[in-house]
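The structure presented is a predicted model; accordingly, all values stated were derived computationally and were not measured.
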Amino acid sequence: MCGFVGVLLDQEVQFSNEHLEEIKLANQLIRHRGPDDDGSYHDDHIALAFRRLSIIDIDGGQQPFSFGKQRYWMVFNGEIYN
């Protein structure tokens, strides 16, 4: 099963380098959930990190997943059909 980490900060606070290192460490701590791939995204107020266990679509499926010309970002555990 894959694993993910997410943090949303108050709009008046922004991520520091220390915050980002802690999120990176948290993602390493769940490496056993998905040793095949990892990814991350952050902006001023949200950070997402993902660990992937590749079972289906081994060559694809990298996350975090973006759409809407990179306006929207998400991590999820599941499959998209159609």
Side-chain angles (χ1 to χ4, degrees):
M1 175 181 267
C2 302
F4 50 89
V5 177
V7 178
L8 177 65
L9 294 178
D10 186 311
Q11 290 190 16
E12 295 182 15
V13 179
Q14 292 185 354
F15 282 103
S16 66
N17 288 333
E18 291 83 18
H19 285 127
L20 296 174
E21 285 300 317
E22 289 293 324
I23 293 163
K24 185 177 179 180
L25 176 61
N27 199 32
Q28 288 296 321
L29 289 173
I30 61 170
R31 186 177 193 289
H32 64 282
R33 300 290 303 267
D36 299 320
D37 193 18
D38 69 299
S40 62
Y41 168 79
H42 73 88
D43 63 18
D44 290 342
H45 303 291
I46 191 167
L48 305 169
F50 185 78
R51 300 298 310 196
R52 182 166 184 244
L53 176 62
S54 299
I55 297 171
I56 297 174
D57 191 18
I58 294 172
D59 294 331
Q62 285 76 27
Q63 292 192 45
F65 179 76
S66 70
F67 58 99
K69 297 182 181 177
Q70 296 190 342
R71 179 178 179 189
Y72 304 104
W73 289 83
M74 68 179 188
V75 292
F76 63 96
N77 187 29
E79 299 175 29
I80 298 175
Y81 294 94
N82 297 330

Considering all heavy atoms of both residues, which atom of [X] and which atom of [Y] are nearest to each other, and what is their separation?
| X | Y | result |
| --- | --- | --- |
| Q70 | S66 | CG-OG, 3.7 Å |
| Q14 | L9 | C-CD1, 3.7 Å |
| P64 | S40 | CD-N, 3.4 Å |
| A49 | N27 | CB-CG, 3.6 Å |

#### Entry: Distance (rounded to the nearest 0.5 Å) between L53 CG and R31 CZ
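Taking CG in L53 and CZ in R31, the distance rounds to 11.5 Å.
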### Message
As an exercise, state the distance from CD of Q28 to NZ of K24, rounded to the nearest 0.5 Å.
### Response
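Reported to 0.5 Å precision, the distance equals 7.5 Å.
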#### Entry: Sub-4.5 Å side-chain heavy-atom contact between M74 and L48
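When only atoms from C-beta onward are counted, L48 and M74 do not touch, as no gap falls below 4.5 Å.
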Going only through I, L, V, M, F, W and Y residues with side-chain contacts under 4.5 Å, is there a path from [X] to [Y]?
| X | Y | result |
| --- | --- | --- |
| L25 | F15 | no |
| F50 | L8 | yes |
| V75 | V7 | no |

### Message
Can you tell me how the ring of Y41 sits relative to the ring of W73, calling it parallel under 30°, perpendicular over 60° and tilted otherwise?
### Response
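Ring orientation, 0 to 90° scale: parallel.
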### Task
Kindly say whether F76 contributes a backbone atom to a donor-acceptor pair with the side chain of Q63 at under 3.5 angstrom?
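Side chain of Q63 to backbone of F76, a donor-acceptor pair under 3.5 Å: yes, one is there.
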### Query
Hey, is the main chain of C2 close enough, under 3.5 Å, to the side chain of R33 for a donor-acceptor pair?
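Checked: pair present.
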### Query
If you draw a 6.0 Å radius around CZ in F67, do more than 12 non-hydrogen atoms from other residues or ligands fall strictly inside?
yes
### Query
Taking atom CG of D44 as the centre, does the number of heavy atoms from other residues, nucleotides or ligands within less than 6.0 Å exceed 12?
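Enclosed: over 12 neighbouring heavy atoms sit under 6.0 Å from CG of D44.
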### Task
Evaluate side chain to side chain contact (heavy atoms under 4.5 Å, CB included) for I23 paired with H42, printing each intermediate quantity in order.
CA-CA 10 Å; I23 293 163; H42 73 88; over 6 Å; no
